[in-house]
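One structure below.
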Number of protein chains: 2
Amino acid sequence: MPTPPRTSLTAIVRAARHLLETDGLEHLTMLRVAQAVGVRGPSLYKHVRDRGDLVRLIGNDAIQELSSRVSAAATHENPRQDLQAIARTLRGFARDYPETYSLLWARMPDAWRFDQDLNVLATEPLLRAVACLAGEADRLAAARMFFAWAHGFITMELAGAFRLGGDVDAAFEFGLGRLVAAFSPPVRSQKSSQR
Amino acid sequence: MPTPPRTSLTAIVRAARHLLETDGLEHLTMLRVAQAVGVRGPSLYKHVRDRGDLVRLIGNDAIQELSSRVSAAATHENPRQDLQAIARTLRGFARDYPETYSLLWARMPDAWRFDQDLNVLATEPLLRAVACLAGEADRLAAARMFFAWAHGFITMELAGAFRLGGDVDAAFEFGLGRLVAAFSPPVRSQKSSQR
DNA sequence: ACCTGAACACCGTTCAAGT
DNA sequence: ACCTGAACACCGTTCAAGT
């Protein structure tokens, strides 16, 4: 005899992401998610394959939100301004949702990772901006350089790894400025050295 | 009545680090560590405060090994060569011990993190090399920029995040070259260059 | 001093049984 | 069709009891 669902996938994912953010991944428990949406633990398995699947759905949710923030921020005429906006948007998202951000590019089983097509979508504004500066040939390498720096900085900041003192905000702007500047084509004069 | 210890802290840490590397952090279990060193689970608590403490000891062990690798690699006359050697050493360590490397700068409770004085020690070669290129004033910001890039690149590589194709090794060298070049003082527009 | 079994509160997951 | 309690194998950790 059919019975109406007492919860929904979207409610489960929302509750799980909230729990992740407040208590961390190790406290993101099937039982606690179930409790948050008002069912018993085993019922979740009617909506989700297992805990890894739930992590994947949280990632999908988060990368879409991050992606739309990035798209909204990267609308300048000048690709350098777009790059700066993208980096600051990433950092802002990480500050709003540190646990969720950490999850996005954490080391995990493949089945737990957010979907690749969402990754492609999220990466597009960065690739576009970088192509203008570094040229088509170096597009991918330059995008990886830029994202590696931004992601590394944000990750270390979230991990509390910047403990040697100094102004962390200033260090972020320092890196951002130097990095954007470094994207000019390298060989721009036959006679002088490079920058 | 005193009885001789049937295991030791160093044996426990070594077994735990090995278990971490082979099976991942979530499978690093007190019971499995105990089994690996030949005692029962509860006995570990005579040597270690709790699981977080064990994670901290693994981190201490790993950062010391990484630190000595970095020191051994950063012995060139030219600070640019030292920077390149440092980055490649980090990446090599991460390839040898991906789980351990991921752990080192992961988001964790403070009590789980490796000791700060070991961090200072490990950072010294980088700070020294960077100071020669970026100048004393920008030393810390430049070191953070460099390490953020290297760490971000390595982290993404370990996480399997580079899935847009392209040559990842080439992207690493691209970033490394551009980054080292970017450490010249920025205002060279007076017609001169630096150094 | 160190090790042990038993115990407690918690996990993820399965499954037969309910509606 | 969805939800549930009971069950299983596993956790981390404590503690009284052994030697």
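Since we're looking at a predicted model, the values are computed, not measured. All values below were derived from every heavy atom in this structure, side-chain atoms included, with hydrogens, water molecules and symmetry-related copies excluded. Reminder, nothing fancy here: chain letters follow the sequence lines and each chain counts from 1.
Atom CG in B/Leu25 sits about 14 Å away from atom C1' in D/dG12, given to the nearest Å. Rounded to whole Å, atom P of D/dG12 lies 11 Å from atom CG of B/Leu19. Between the NZ atom of A/Lys46 and the C1' atom of C/dT19 there is a distance of 13 Å, rounded to whole Å. At whole-Å resolution of the value, NE2 in A/His47 and C1' in C/dT13 are 17 Å apart. Atom CG of A/Leu31 is separated from atom P of D/dA7 by 17 Å (rounded to the nearest Å). When rounded to the nearest whole Å, the span between CE of B/Met30 and C1' of C/dC10 equals 16 Å. When the P atom of C/dT13 is taken as reference, atom CD of B/Glu26 falls 12 Å away, rounded to whole Å. Rounded to an integer number of Å, the gap from CG of A/Asp53 to P of C/dT14 is 12 Å.
Among A/Val55, A/Leu19, A/Ile58, the single residue meeting the side-chain contact (heavy atoms from CB on, under 4.5 Å) criterion with A/Leu25 is A/Val55.
The listed nucleotides are C/dG12, D/dT13, C/dC11; the one nearest the side chain of A/Arg32 is C/dC11. Among the nucleotides D/dT4, C/dT4, C/dT13, the one closest to the side chain of B/Arg6 is C/dT4. Closest contact between the side chain of A/Pro42 and the listed nucleotides C/dG12, C/dT4, D/dT4 involves D/dT4. Of the candidate nucleotides D/dT4, C/dC2, C/dT4, C/dT4 has the atom lying nearest to any side-chain atom of B/Arg40.
Distance alone, capped at 3.5 Å, is enough to place a donor-acceptor pair between the A/Arg107 side chain and the B/Leu158 backbone. Not one N or O on the side chain of A/Arg88 forms a donor-acceptor pair closer than 3.5 Å with the backbone of A/Ala73. Side-chain N or O atoms of A/Asp82 include one that pairs as donor or acceptor with a backbone N or O of A/Thr75 at under 3.5 Å. A/Asn60 contributes a side-chain N or O that, together with a main-chain N or O of A/Asp115, makes up a donor-acceptor pair within less than 3.5 Å. In this structure, the side chain of A/Arg113 engages the main chain of B/Ala159 through a donor-acceptor pair within 3.5 Å.
Remark: B/Ser43 is in phosphate contact with C/dT4, judged by side-chain N or O atoms under 4.0 Å from OP1 or OP2. Contact annotation: A/Thr3 does not reach the phosphate of D/dC3 (side-chain N/O to OP1 or OP2, under 4.0 Å). Side-chain N/O atoms of B/Arg49 include none lying less than 4.0 angstrom from OP1 or OP2 on D/dT13. Contact annotation: A/Arg51 side-chain N/O to C/dG12 OP1/OP2 distance is under 4.0 Å.
Looking at heavy-atom distances under 4.0 Å, A/Thr7 makes contact with sugar-phosphate atoms alone, never a base.
The minimum heavy-atom distance linking A/Ala36 with A/Ala15 is given by the pair CB-CB, 4.0 Å.
Stretches of at least 3 consecutive Watson-Crick or G-U wobble pairs, with each checked distance under 3.5 Å, appear in DNA chain D as C:4-8 with D:12-16, C:12-16 with D:4-8.
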